[in-house]
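Only a predicted model underlies this, so the values are computations on that prediction, with no experimental measurement involved. Note on naming: letters A, B, ... go to the chains in the order of the sequence lines (proteins, then strands), and numbering restarts at 1 for each one.
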Amino acid sequence: MYDVLKVRNDFPMIQTLKERHMIYLDSAATSFKPQCVIDKVNEYYTKENANIHRGDYDLSFEVSDEYENARKTCAKFLNAKKWEEIVFTNGASSALNLVAYGYGQKFLKEGDVILSTEAEHASNILPWFKVSEVTGAKIEYIALNHDGTFDIESFKKAMHEGVKVVTLAHVSNVLGYIMPIKEITKIAHEYGAVVVVDGAQSVPHLKTDVCDLDMDFLCFSSHKMLGPSGVGVLYGKYELLDQMDPFMLGGGSNARFDICGNILLKNPPFKFEAGTPCVEGVLGFKRALEYLMDLGMDNVQKYGHELHAYFMERMKELDNVEVYNPHAQTSIVTFNVKNIFAQDVAAYLNKMGIACRSGNHCAKILLNVIGASETIRASVYLYNTKEEIDYLIETLKGVTLEKCIGASL
Amino acid sequence: MMEESLKRAIILDHYQHPRNKGLKDDPSYMSRHMAADSCIDDITVMMKIEDGEVKDVCFDGQACTISTSSTSIMSTLIKGQSVEKALMIIDEYYKMIDEEHYDAEVLEEANAFDTLSKQANRINCGTIGVKAMNEMLREYQNGQQ
Ligand SMILES: Cc1ncc(COP(=O)(O)O)c(C=O)c1O
(Lines give C-alpha, C1' and ligand atoms only; values in the text may rest on other atoms or scores of the structure.)
Protein backbone atom coordinates (compact mmCIF):
# COMPACT_ATOMS: atom_id res chain seq x y z
CA MET A 1 0.00 0.00 0.00
CA TYR A 2 1.23 3.45 -0.93
CA ASP A 3 1.02 5.67 2.12
CA VAL A 4 1.09 9.27 0.95
CA LEU A 5 0.95 10.69 4.47
CA LYS A 6 4.06 8.78 5.40
CA VAL A 7 5.73 9.97 2.21
CA ARG A 8 4.85 13.59 3.03
CA ASN A 9 6.68 13.32 6.33
CA ASP A 10 9.90 12.80 4.40
CA PHE A 11 9.64 16.20 2.70
CA PRO A 12 10.52 19.26 4.79
CA MET A 13 8.96 21.55 2.17
CA ILE A 14 5.58 20.05 3.00
CA GLN A 15 5.99 21.45 6.52
CA THR A 16 7.08 24.81 5.07
CA LEU A 17 3.94 24.88 2.93
CA LYS A 18 1.81 24.36 6.03
CA GLU A 19 3.47 27.31 7.69
CA ARG A 20 2.94 29.45 4.60
CA HIS A 21 -0.61 28.17 4.06
CA MET A 22 0.22 27.01 0.58
CA ILE A 23 -0.21 24.02 -1.63
CA TYR A 24 2.23 23.19 -4.39
CA LEU A 25 0.91 22.09 -7.77
CA ASP A 26 3.96 22.82 -9.89
CA SER A 27 6.09 19.71 -9.65
CA ALA A 28 6.37 19.57 -13.43
CA ALA A 29 8.60 22.64 -13.02
CA THR A 30 10.59 21.15 -10.16
CA SER A 31 9.93 18.67 -7.39
CA PHE A 32 10.50 18.86 -3.65
CA LYS A 33 13.35 16.87 -2.13
CA PRO A 34 13.13 14.35 0.68
CA GLN A 35 15.23 14.87 3.81
CA CYS A 36 17.62 12.04 2.87
CA VAL A 37 18.60 13.85 -0.33
CA ILE A 38 19.13 17.15 1.48
CA ASP A 39 21.18 15.36 4.14
CA LYS A 40 23.34 13.73 1.51
CA VAL A 41 24.21 17.05 -0.13
CA ASN A 42 25.05 18.42 3.29
CA GLU A 43 27.10 15.39 4.16
CA TYR A 44 29.29 15.84 1.10
CA TYR A 45 30.20 19.33 2.24
CA THR A 46 30.66 18.43 5.88
CA LYS A 47 32.31 15.01 5.66
CA GLU A 48 33.36 14.14 2.12
CA ASN A 49 34.52 17.32 0.44
CA ALA A 50 37.11 16.31 -2.17
CA ASN A 51 37.28 16.31 -5.93
CA ILE A 52 36.57 13.12 -7.81
CA HIS A 53 38.82 11.04 -10.05
CA ARG A 54 41.86 12.91 -8.75
CA GLY A 55 44.09 12.88 -5.73
CA ASP A 56 45.91 10.05 -4.06
CA TYR A 57 44.20 10.13 -0.73
CA ASP A 58 41.36 8.13 0.81
CA LEU A 59 38.90 10.99 0.90
CA SER A 60 39.08 11.47 -2.87
CA PHE A 61 38.96 7.76 -3.56
CA GLU A 62 35.89 7.35 -1.39
CA VAL A 63 33.95 10.14 -2.99
CA SER A 64 34.98 9.01 -6.50
CA ASP A 65 33.68 5.60 -5.64
CA GLU A 66 30.40 6.97 -4.45
CA TYR A 67 30.10 9.12 -7.58
CA GLU A 68 30.63 6.08 -9.78
CA ASN A 69 28.15 4.12 -7.69
CA ALA A 70 25.57 6.77 -8.54
CA ARG A 71 26.04 5.81 -12.16
CA LYS A 72 25.45 2.18 -11.30
CA THR A 73 22.35 3.05 -9.30
CA CYS A 74 21.04 5.06 -12.23
CA ALA A 75 21.77 2.20 -14.66
CA LYS A 76 19.80 -0.10 -12.37
CA PHE A 77 16.95 2.40 -12.10
CA LEU A 78 16.64 2.49 -15.91
CA ASN A 79 17.50 -1.16 -16.42
CA ALA A 80 20.41 -0.11 -18.66
CA LYS A 81 22.77 -2.86 -19.74
CA LYS A 82 25.95 -1.08 -18.63
CA TRP A 83 26.83 1.68 -16.21
CA GLU A 84 29.00 3.09 -19.02
CA GLU A 85 25.78 4.11 -20.74
CA ILE A 86 24.99 6.72 -18.08
CA VAL A 87 26.46 10.18 -18.74
CA PHE A 88 25.97 12.85 -16.08
CA THR A 89 25.13 16.32 -17.38
CA ASN A 90 23.79 19.55 -15.87
CA GLY A 91 20.21 18.67 -16.63
CA ALA A 92 17.81 17.51 -19.32
CA SER A 93 18.51 20.57 -21.45
CA SER A 94 22.24 19.96 -21.48
CA ALA A 95 21.72 16.24 -22.19
CA LEU A 96 19.42 17.07 -25.13
CA ASN A 97 21.91 19.61 -26.45
CA LEU A 98 24.68 17.06 -26.11
CA VAL A 99 22.84 14.56 -28.31
CA ALA A 100 21.97 17.20 -30.90
CA TYR A 101 25.53 18.46 -31.04
CA GLY A 102 27.48 15.26 -30.52
CA TYR A 103 25.33 12.99 -32.64
CA GLY A 104 23.14 15.21 -34.82
CA GLN A 105 25.75 17.69 -35.95
CA LYS A 106 28.29 14.94 -36.46
CA PHE A 107 26.25 12.47 -38.48
CA LEU A 108 23.41 14.32 -40.19
CA LYS A 109 23.85 15.83 -43.63
CA GLU A 110 21.88 17.78 -46.17
CA GLY A 111 18.70 16.00 -47.17
CA ASP A 112 18.45 13.99 -43.94
CA VAL A 113 15.34 14.42 -41.86
CA ILE A 114 14.82 14.98 -38.15
CA LEU A 115 11.30 13.94 -37.21
CA SER A 116 9.66 15.51 -34.17
CA THR A 117 6.32 16.87 -32.91
CA GLU A 118 4.94 20.36 -32.39
CA ALA A 119 4.49 19.64 -28.71
CA GLU A 120 8.16 19.61 -27.78
CA HIS A 121 9.72 21.63 -25.01
CA ALA A 122 12.09 24.32 -26.32
CA SER A 123 15.01 22.32 -24.93
CA ASN A 124 14.22 19.46 -27.28
CA ILE A 125 13.52 21.43 -30.42
CA LEU A 126 15.80 24.48 -30.47
CA PRO A 127 18.98 22.33 -30.45
CA TRP A 128 17.62 20.54 -33.53
CA PHE A 129 16.90 23.87 -35.23
CA LYS A 130 20.62 24.49 -34.84
CA VAL A 131 21.51 21.05 -36.21
CA SER A 132 19.31 21.81 -39.18
CA GLU A 133 20.98 25.17 -39.73
CA VAL A 134 24.48 23.73 -39.52
CA THR A 135 24.01 20.47 -41.46
CA GLY A 136 21.20 21.28 -43.88
CA ALA A 137 19.10 18.44 -42.47
CA LYS A 138 15.39 19.20 -42.43
CA ILE A 139 12.93 19.05 -39.53
CA GLU A 140 9.58 17.43 -40.18
CA TYR A 141 6.67 17.13 -37.76
CA ILE A 142 4.41 14.21 -37.02
CA ALA A 143 0.81 15.39 -37.42
CA LEU A 144 -1.01 15.38 -34.10
CA ASN A 145 -4.74 14.85 -33.73
CA HIS A 146 -6.88 17.97 -33.38
CA ASP A 147 -6.88 17.60 -29.59
CA GLY A 148 -3.12 17.20 -29.39
CA THR A 149 -3.17 13.43 -28.92
CA PHE A 150 -0.77 11.22 -30.80
CA ASP A 151 -1.73 8.50 -33.20
CA ILE A 152 0.70 5.76 -34.15
CA GLU A 153 -0.79 5.72 -37.66
CA SER A 154 0.27 9.34 -38.17
CA PHE A 155 3.73 8.38 -37.06
CA LYS A 156 3.86 5.53 -39.57
CA LYS A 157 2.83 7.95 -42.30
CA ALA A 158 5.48 10.45 -41.28
CA MET A 159 8.30 7.89 -41.28
CA HIS A 160 10.37 7.40 -44.43
CA GLU A 161 13.86 6.39 -45.50
CA GLY A 162 15.22 9.93 -45.12
CA VAL A 163 14.43 10.11 -41.40
CA LYS A 164 17.66 9.66 -39.45
CA VAL A 165 16.59 10.95 -36.04
CA VAL A 166 13.23 10.82 -34.28
CA THR A 167 13.14 13.11 -31.27
CA LEU A 168 10.20 13.49 -28.92
CA ALA A 169 9.09 13.71 -25.31
CA HIS A 170 7.84 10.54 -23.68
CA VAL A 171 5.42 12.77 -21.77
CA SER A 172 4.82 16.31 -23.06
CA ASN A 173 5.21 19.13 -20.55
CA VAL A 174 2.12 20.85 -21.91
CA LEU A 175 -0.41 18.09 -22.36
CA GLY A 176 0.96 15.25 -20.31
CA TYR A 177 0.08 12.59 -22.87
CA ILE A 178 2.16 9.42 -22.74
CA MET A 179 3.70 8.50 -26.09
CA PRO A 180 3.80 4.85 -27.16
CA ILE A 181 7.60 4.80 -27.14
CA LYS A 182 7.95 1.06 -27.61
CA GLU A 183 5.99 1.10 -30.86
CA ILE A 184 7.78 4.24 -31.97
CA THR A 185 11.27 2.82 -31.48
CA LYS A 186 10.30 -0.41 -33.22
CA ILE A 187 9.08 1.40 -36.33
CA ALA A 188 11.91 3.95 -36.33
CA HIS A 189 14.49 1.18 -36.08
CA GLU A 190 13.00 -0.59 -39.09
CA TYR A 191 13.97 2.52 -41.04
CA GLY A 192 17.38 2.72 -39.39
CA ALA A 193 16.59 5.93 -37.49
CA VAL A 194 17.72 6.58 -33.92
CA VAL A 195 15.20 7.67 -31.32
CA VAL A 196 15.96 10.45 -28.83
CA VAL A 197 13.54 10.51 -25.92
CA ASP A 198 13.05 13.60 -23.77
CA GLY A 199 12.20 11.97 -20.46
CA ALA A 200 12.12 15.11 -18.32
CA GLN A 201 8.39 14.67 -17.58
CA SER A 202 8.20 10.88 -17.81
CA VAL A 203 11.10 9.39 -15.86
CA PRO A 204 9.88 10.96 -12.58
CA HIS A 205 6.45 9.35 -12.97
CA LEU A 206 6.69 6.20 -15.07
CA LYS A 207 8.68 3.06 -14.60
CA THR A 208 11.21 3.41 -17.40
CA ASP A 209 13.01 0.40 -18.84
CA VAL A 210 15.37 1.60 -21.56
CA CYS A 211 15.98 -1.94 -22.85
CA ASP A 212 12.35 -2.91 -23.05
CA LEU A 213 11.45 0.41 -24.71
CA ASP A 214 14.58 0.12 -26.86
CA MET A 215 15.40 3.82 -26.64
CA ASP A 216 18.63 4.97 -28.26
CA PHE A 217 18.96 8.08 -26.13
CA LEU A 218 17.05 9.23 -23.05
CA CYS A 219 17.52 12.63 -21.40
CA PHE A 220 16.14 13.78 -18.06
CA SER A 221 16.74 15.98 -14.99
CA SER A 222 17.38 15.06 -11.39
CA HIS A 223 15.53 18.08 -9.99
CA LYS A 224 12.15 16.97 -11.31
CA MET A 225 12.48 13.58 -9.59
CA LEU A 226 13.38 14.44 -5.99
CA GLY A 227 17.08 15.04 -6.64
CA PRO A 228 19.17 18.22 -6.55
CA SER A 229 19.22 20.68 -9.44
CA GLY A 230 22.32 20.98 -11.58
CA VAL A 231 22.30 17.29 -12.48
CA GLY A 232 20.86 15.45 -15.43
CA VAL A 233 21.37 12.24 -17.29
CA LEU A 234 22.03 11.26 -20.84
CA TYR A 235 21.43 7.57 -21.28
CA GLY A 236 22.70 6.30 -24.64
CA LYS A 237 23.32 2.89 -26.13
CA TYR A 238 27.03 2.30 -25.75
CA GLU A 239 27.80 1.95 -29.48
CA LEU A 240 26.12 5.29 -30.11
CA LEU A 241 27.87 7.07 -27.27
CA ASP A 242 31.12 5.64 -28.54
CA GLN A 243 30.66 7.26 -31.97
CA MET A 244 29.47 10.57 -30.58
CA ASP A 245 31.49 13.74 -30.04
CA PRO A 246 31.61 15.44 -26.66
CA PHE A 247 30.16 18.93 -26.34
CA MET A 248 33.01 20.10 -24.14
CA LEU A 249 36.66 19.17 -23.97
CA GLY A 250 38.88 19.43 -20.96
CA GLY A 251 40.12 17.90 -17.76
CA GLY A 252 38.93 14.42 -16.99
CA SER A 253 37.65 13.63 -20.49
CA ASN A 254 40.97 12.90 -22.18
CA ALA A 255 43.39 10.07 -21.63
CA ARG A 256 46.36 11.92 -23.09
CA PHE A 257 47.21 14.74 -25.47
CA ASP A 258 50.37 16.21 -26.91
CA ILE A 259 51.74 19.53 -28.06
CA CYS A 260 50.83 18.82 -31.70
CA GLY A 261 47.15 18.86 -30.80
CA ASN A 262 46.53 15.13 -30.81
CA ILE A 263 43.89 14.20 -28.27
CA LEU A 264 43.03 10.73 -27.15
CA LEU A 265 39.63 10.88 -25.51
CA LYS A 266 38.59 8.52 -22.76
CA ASN A 267 35.83 6.02 -23.38
CA PRO A 268 32.17 6.82 -22.64
CA PRO A 269 30.87 8.08 -20.31
CA PHE A 270 34.04 9.90 -19.24
CA LYS A 271 34.75 11.53 -22.57
CA PHE A 272 31.55 13.57 -22.11
CA GLU A 273 32.31 14.75 -18.60
CA ALA A 274 35.07 17.34 -18.89
CA GLY A 275 35.57 19.50 -15.83
CA THR A 276 34.51 19.05 -12.23
CA PRO A 277 30.86 18.02 -12.18
CA CYS A 278 28.19 18.82 -9.62
CA VAL A 279 29.51 16.17 -7.24
CA GLU A 280 27.16 16.83 -4.32
CA GLY A 281 24.27 16.89 -6.78
CA VAL A 282 25.12 13.51 -8.21
CA LEU A 283 25.46 12.03 -4.74
CA GLY A 284 22.11 13.53 -3.79
CA PHE A 285 20.60 12.23 -7.01
CA LYS A 286 21.75 8.73 -6.08
CA ARG A 287 19.80 9.08 -2.83
CA ALA A 288 16.74 10.25 -4.75
CA LEU A 289 16.92 7.20 -7.01
CA GLU A 290 17.24 4.93 -4.00
CA TYR A 291 14.29 6.66 -2.38
CA LEU A 292 12.17 6.13 -5.51
CA MET A 293 13.25 2.49 -5.78
CA ASP A 294 12.38 1.94 -2.13
CA LEU A 295 8.90 3.31 -2.77
CA GLY A 296 8.80 1.25 -5.96
CA MET A 297 8.32 2.98 -9.30
CA ASP A 298 5.32 0.73 -9.89
CA ASN A 299 3.68 2.22 -6.81
CA VAL A 300 4.70 5.76 -7.71
CA GLN A 301 3.24 5.31 -11.18
CA LYS A 302 0.04 3.77 -9.86
CA TYR A 303 -0.50 6.49 -7.25
CA GLY A 304 0.27 9.14 -9.87
CA HIS A 305 -2.34 7.72 -12.22
CA GLU A 306 -4.93 7.47 -9.47
CA LEU A 307 -4.37 11.00 -8.26
CA HIS A 308 -4.43 12.37 -11.78
CA ALA A 309 -7.63 10.52 -12.63
CA TYR A 310 -9.24 11.99 -9.51
CA PHE A 311 -8.00 15.45 -10.49
CA MET A 312 -9.49 15.17 -14.01
CA GLU A 313 -12.75 13.82 -12.65
CA ARG A 314 -13.15 16.75 -10.30
CA MET A 315 -12.20 19.28 -12.98
CA LYS A 316 -15.16 18.04 -15.01
CA GLU A 317 -17.49 19.37 -12.32
CA LEU A 318 -16.48 22.92 -13.16
CA ASP A 319 -18.57 24.69 -15.80
CA ASN A 320 -16.33 27.74 -15.79
CA VAL A 321 -13.18 25.82 -16.66
CA GLU A 322 -11.90 24.39 -19.90
CA VAL A 323 -9.45 21.49 -19.68
CA TYR A 324 -7.17 21.02 -22.67
CA ASN A 325 -5.79 17.55 -21.97
CA PRO A 326 -8.71 15.38 -20.84
CA HIS A 327 -7.01 12.22 -22.07
CA ALA A 328 -3.82 12.69 -20.08
CA GLN A 329 -2.97 9.96 -17.61
CA THR A 330 -0.36 11.44 -15.38
CA SER A 331 0.86 14.50 -13.55
CA ILE A 332 -0.32 17.41 -15.69
CA VAL A 333 -3.66 19.21 -15.98
CA THR A 334 -3.70 22.14 -18.42
CA PHE A 335 -6.69 24.47 -18.33
CA ASN A 336 -8.14 27.94 -18.44
CA VAL A 337 -10.95 29.63 -16.59
CA LYS A 338 -13.31 30.76 -19.30
CA ASN A 339 -12.95 34.43 -20.23
CA ILE A 340 -10.14 35.16 -17.80
CA PHE A 341 -6.53 35.49 -18.90
CA ALA A 342 -4.33 32.69 -17.51
CA GLN A 343 -1.95 34.98 -15.70
CA ASP A 344 -4.77 36.73 -13.88
CA VAL A 345 -6.10 33.38 -12.66
CA ALA A 346 -2.62 32.33 -11.57
CA ALA A 347 -2.29 35.57 -9.60
CA TYR A 348 -5.56 34.80 -7.83
CA LEU A 349 -4.52 31.22 -7.12
CA ASN A 350 -1.25 32.55 -5.72
CA LYS A 351 -3.20 34.84 -3.41
CA MET A 352 -5.24 31.84 -2.31
CA GLY A 353 -2.07 29.92 -1.56
CA ILE A 354 -1.93 27.72 -4.62
CA ALA A 355 1.29 27.51 -6.62
CA CYS A 356 0.80 26.62 -10.25
CA ARG A 357 2.07 27.97 -13.49
CA SER A 358 0.65 30.17 -16.24
CA GLY A 359 2.24 30.71 -19.60
CA ASN A 360 2.65 29.25 -23.01
CA HIS A 361 4.98 26.59 -21.63
CA CYS A 362 7.52 27.01 -24.39
CA ALA A 363 5.61 24.86 -26.88
CA LYS A 364 3.66 26.20 -29.79
CA ILE A 365 1.21 23.35 -29.97
CA LEU A 366 -1.43 24.95 -27.80
CA LEU A 367 -1.88 27.81 -30.19
CA ASN A 368 -2.07 25.67 -33.31
CA VAL A 369 -3.86 22.64 -32.02
CA ILE A 370 -6.05 23.87 -29.22
CA GLY A 371 -6.49 27.52 -30.01
CA ALA A 372 -5.30 28.89 -26.68
CA SER A 373 -1.90 30.47 -26.40
CA GLU A 374 -1.85 30.98 -22.65
CA THR A 375 -2.91 28.34 -20.17
CA ILE A 376 -2.55 27.36 -16.56
CA ARG A 377 -0.72 24.18 -15.75
CA ALA A 378 -1.23 22.34 -12.48
CA SER A 379 0.88 19.28 -11.88
CA VAL A 380 0.94 16.70 -9.12
CA TYR A 381 3.56 14.33 -7.82
CA LEU A 382 3.92 11.55 -5.31
CA TYR A 383 3.49 13.80 -2.25
CA ASN A 384 0.29 15.54 -3.40
CA THR A 385 -3.07 14.54 -1.98
CA LYS A 386 -6.70 14.48 -3.01
CA GLU A 387 -7.41 17.11 -0.35
CA GLU A 388 -5.07 19.51 -2.11
CA ILE A 389 -6.90 18.93 -5.38
CA ASP A 390 -10.21 19.50 -3.59
CA TYR A 391 -8.93 22.85 -2.37
CA LEU A 392 -7.98 23.88 -5.90
CA ILE A 393 -11.41 22.85 -7.21
CA GLU A 394 -13.22 24.83 -4.51
CA THR A 395 -11.05 27.85 -5.24
CA LEU A 396 -11.68 27.64 -8.98
CA LYS A 397 -15.42 27.44 -8.37
CA GLY A 398 -15.38 30.90 -6.87
CA VAL A 399 -13.01 32.68 -9.22
CA THR A 400 -14.19 35.88 -10.92
CA LEU A 401 -12.46 38.58 -12.91
CA GLU A 402 -12.95 41.02 -10.02
CA LYS A 403 -11.29 38.65 -7.58
CA CYS A 404 -8.39 38.14 -9.97
CA ILE A 405 -7.82 41.88 -10.20
CA GLY A 406 -8.16 42.18 -6.44
CA ALA A 407 -5.35 39.68 -6.08
CA SER A 408 -2.91 42.15 -7.61
CA LEU A 409 -3.84 45.17 -5.52
CA MET B 1 -3.59 55.36 -1.13
CA MET B 2 -6.48 54.88 -3.45
CA GLU B 3 -9.35 52.85 -2.06
CA GLU B 4 -9.32 49.22 -3.16
CA SER B 5 -12.83 49.06 -4.60
CA LEU B 6 -12.11 52.15 -6.70
CA LYS B 7 -8.86 50.66 -7.96
CA ARG B 8 -10.63 47.48 -8.89
CA ALA B 9 -13.32 49.39 -10.77
CA ILE B 10 -10.76 51.44 -12.71
CA ILE B 11 -8.74 48.39 -13.72
CA LEU B 12 -11.82 46.41 -14.69
CA ASP B 13 -13.11 49.32 -16.74
CA HIS B 14 -9.85 49.75 -18.67
CA TYR B 15 -9.53 46.00 -19.15
CA GLN B 16 -13.03 45.55 -20.50
CA HIS B 17 -13.07 48.80 -22.42
CA PRO B 18 -9.45 49.56 -23.23
CA ARG B 19 -8.87 53.09 -24.54
CA ASN B 20 -6.79 53.65 -27.64
CA LYS B 21 -6.90 50.00 -28.58
CA GLY B 22 -6.20 49.02 -32.16
CA LEU B 23 -3.10 49.71 -34.24
CA LYS B 24 -2.75 52.25 -37.06
CA ASP B 25 -1.51 51.47 -40.51
CA ASP B 26 0.43 54.70 -40.78
CA PRO B 27 4.21 54.96 -41.31
CA SER B 28 4.40 58.25 -39.41
CA TYR B 29 3.86 56.27 -36.17
CA MET B 30 6.69 54.84 -34.14
CA SER B 31 6.13 51.29 -32.96
CA ARG B 32 7.36 48.92 -30.25
CA HIS B 33 6.56 45.23 -30.03
CA MET B 34 6.96 44.14 -26.42
CA ALA B 35 7.17 40.36 -26.37
CA ALA B 36 10.73 39.58 -25.40
CA ASP B 37 10.48 40.59 -21.76
CA SER B 38 8.00 37.96 -20.77
CA CYS B 39 6.76 34.94 -22.60
CA ILE B 40 3.16 35.63 -21.74
CA ASP B 41 2.13 39.23 -22.48
CA ASP B 42 2.49 40.24 -26.09
CA ILE B 43 1.74 43.93 -26.68
CA THR B 44 2.49 46.34 -29.48
CA VAL B 45 2.35 50.08 -28.75
CA MET B 46 2.39 52.78 -31.43
CA MET B 47 2.91 56.49 -31.00
CA LYS B 48 2.77 59.51 -33.24
CA ILE B 49 4.87 62.45 -32.08
CA GLU B 50 4.94 65.72 -33.95
CA ASP B 51 6.44 69.08 -33.01
CA GLY B 52 7.31 67.81 -29.54
CA GLU B 53 3.78 66.68 -28.82
CA VAL B 54 2.27 63.22 -28.40
CA LYS B 55 -0.45 63.37 -31.05
CA ASP B 56 -1.61 59.79 -30.65
CA VAL B 57 -0.89 56.58 -28.74
CA CYS B 58 -2.45 53.23 -29.47
CA PHE B 59 -1.82 49.59 -28.63
CA ASP B 60 -2.99 46.04 -29.21
CA GLY B 61 -2.11 42.53 -28.19
CA GLN B 62 -2.73 39.53 -25.98
CA ALA B 63 -2.40 40.53 -22.39
CA CYS B 64 -3.62 40.14 -18.82
CA THR B 65 -5.77 42.60 -16.88
CA ILE B 66 -2.85 44.44 -15.35
CA SER B 67 -0.88 44.95 -18.56
CA THR B 68 -3.93 45.88 -20.62
CA SER B 69 -5.29 48.34 -18.07
CA SER B 70 -1.94 49.94 -17.26
CA THR B 71 -1.19 50.46 -20.95
CA SER B 72 -4.67 51.84 -21.55
CA ILE B 73 -4.51 54.23 -18.60
CA MET B 74 -1.04 55.52 -19.47
CA SER B 75 -2.10 56.08 -23.08
CA THR B 76 -4.87 58.39 -21.88
CA LEU B 77 -2.51 60.23 -19.56
CA ILE B 78 0.14 61.07 -22.14
CA LYS B 79 -1.94 61.56 -25.26
CA GLY B 80 -1.99 65.24 -26.16
CA GLN B 81 0.87 66.09 -23.79
CA SER B 82 4.25 67.51 -24.69
CA VAL B 83 7.06 64.99 -24.81
CA GLU B 84 8.58 66.50 -21.65
CA LYS B 85 5.32 66.28 -19.72
CA ALA B 86 4.70 62.72 -20.93
CA LEU B 87 8.17 61.68 -19.76
CA MET B 88 7.57 63.36 -16.44
CA ILE B 89 4.33 61.41 -15.92
CA ILE B 90 6.05 58.16 -16.79
CA ASP B 91 8.90 58.97 -14.39
CA GLU B 92 6.40 59.51 -11.59
CA TYR B 93 4.77 56.20 -12.48
CA TYR B 94 8.10 54.39 -12.26
CA LYS B 95 8.81 56.07 -8.92
CA MET B 96 5.50 54.73 -7.61
CA ILE B 97 6.34 51.21 -8.83
CA ASP B 98 9.83 51.48 -7.30
CA GLU B 99 8.33 52.60 -3.97
CA GLU B 100 10.02 56.00 -4.12
CA HIS B 101 8.40 59.30 -3.23
CA TYR B 102 6.15 60.31 -6.14
CA ASP B 103 3.60 62.88 -7.20
CA ALA B 104 0.23 61.11 -7.06
CA GLU B 105 -1.54 64.12 -8.54
CA VAL B 106 -0.21 63.69 -12.08
CA LEU B 107 -0.90 59.95 -12.17
CA GLU B 108 -4.69 60.23 -11.91
CA GLU B 109 -6.18 56.80 -12.68
CA ALA B 110 -2.73 55.22 -12.73
CA ASN B 111 -2.87 55.47 -8.93
CA ALA B 112 -4.84 52.26 -9.19
CA PHE B 113 -1.43 50.56 -9.25
CA ASP B 114 -0.11 52.21 -6.11
CA THR B 115 0.40 48.86 -4.37
CA LEU B 116 1.56 46.91 -7.40
CA SER B 117 5.12 47.05 -6.07
CA LYS B 118 4.03 44.52 -3.44
CA GLN B 119 3.17 41.95 -6.12
CA ALA B 120 6.57 41.01 -7.47
CA ASN B 121 5.08 38.70 -10.09
CA ARG B 122 2.90 41.46 -11.58
CA ILE B 123 5.33 44.36 -11.83
CA ASN B 124 6.33 43.33 -15.32
CA CYS B 125 2.64 43.35 -16.33
CA GLY B 126 2.16 46.84 -14.92
CA THR B 127 5.12 48.29 -16.79
CA ILE B 128 5.26 46.51 -20.15
CA GLY B 129 3.22 49.05 -22.15
CA VAL B 130 4.61 52.00 -20.20
CA LYS B 131 8.11 50.83 -21.03
CA ALA B 132 7.27 50.87 -24.74
CA MET B 133 5.99 54.46 -24.46
CA ASN B 134 9.03 55.51 -22.47
CA GLU B 135 11.38 54.05 -25.10
CA MET B 136 9.65 55.80 -27.98
CA LEU B 137 9.54 59.16 -26.20
CA ARG B 138 13.24 58.93 -25.45
CA GLU B 139 14.04 57.89 -28.98
CA TYR B 140 12.20 60.96 -30.25
CA GLN B 141 13.99 63.15 -27.77
CA ASN B 142 17.41 61.78 -28.73
CA GLY B 143 16.59 62.30 -32.39
CA GLN B 144 15.88 65.98 -31.72
CA GLN B 145 19.27 66.65 -30.17
C1 LIG C 1 9.60 18.01 -21.49
C2 LIG C 1 10.76 18.77 -20.95
N3 LIG C 1 11.94 18.68 -21.55
C4 LIG C 1 13.02 19.34 -21.10
C5 LIG C 1 12.96 20.14 -19.99
C6 LIG C 1 14.19 20.88 -19.55
O7 LIG C 1 14.62 20.46 -18.29
P8 LIG C 1 15.72 21.27 -17.50
O9 LIG C 1 15.21 22.67 -17.37
O10 LIG C 1 15.81 20.57 -16.19
O11 LIG C 1 16.98 21.19 -18.29
C12 LIG C 1 11.75 20.27 -19.33
C13 LIG C 1 11.65 21.15 -18.14
O14 LIG C 1 10.77 21.92 -17.94
C15 LIG C 1 10.62 19.57 -19.81
O16 LIG C 1 9.43 19.68 -19.22
Which value, rounded to the nearest 0.5 Å, describes the distance between [X] atom [atom1] and [Y] atom [atom2]?
X	Y	atom1	atom2	answer
A:Gln343	B:Thr65	CD	OG1	8.0 Å
B:Asp42	A:Glu374	CG	CD	8.0 Å
A:Phe341	B:Ser67	CZ	OG	6.5 Å

Compare every heavy atom of [Y] with every heavy atom of [X], then report the nearest pair and how far apart it is.
X	Y	result
B:Leu116	A:Ser408	CD1-O, 3.7 Å
A:Leu409	B:Gln119	O-NE2, 3.6 Å
A:Gly406	B:Glu4	O-OE2, 4.2 Å

Mind checking whether B:Gln16 and A:Leu401 have side chains closer than 4.5 Å, heavy atoms only? yes
Taking the side chain as everything from C-beta on, heavy atoms only, tell me whether A:Asp344 gets closer than 4.5 Å to B:Arg122. yes
Can you confirm whether [X] is buried at [atom1], in the sense that more than 12 heavy atoms of other residues, nucleotides or ligands lie under 6.0 Å from that atom?
X	atom1	value
B:Asn142	CG	yes
A:Lys397	NZ	yes
A:Glu19	CD	yes
A:Phe335	CZ	yes
A:Asp319	CG	no

Check whether [X] gets within reach of chain A through its side chain, its backbone, both or neither, counting any heavy atom under 4.5 Å.
X	answer
B:Phe113	neither
B:Ala112	backbone
B:Arg8	both

So, the part of A:Ala346 with a heavy atom under 4.5 Å from chain B: the answer is neither
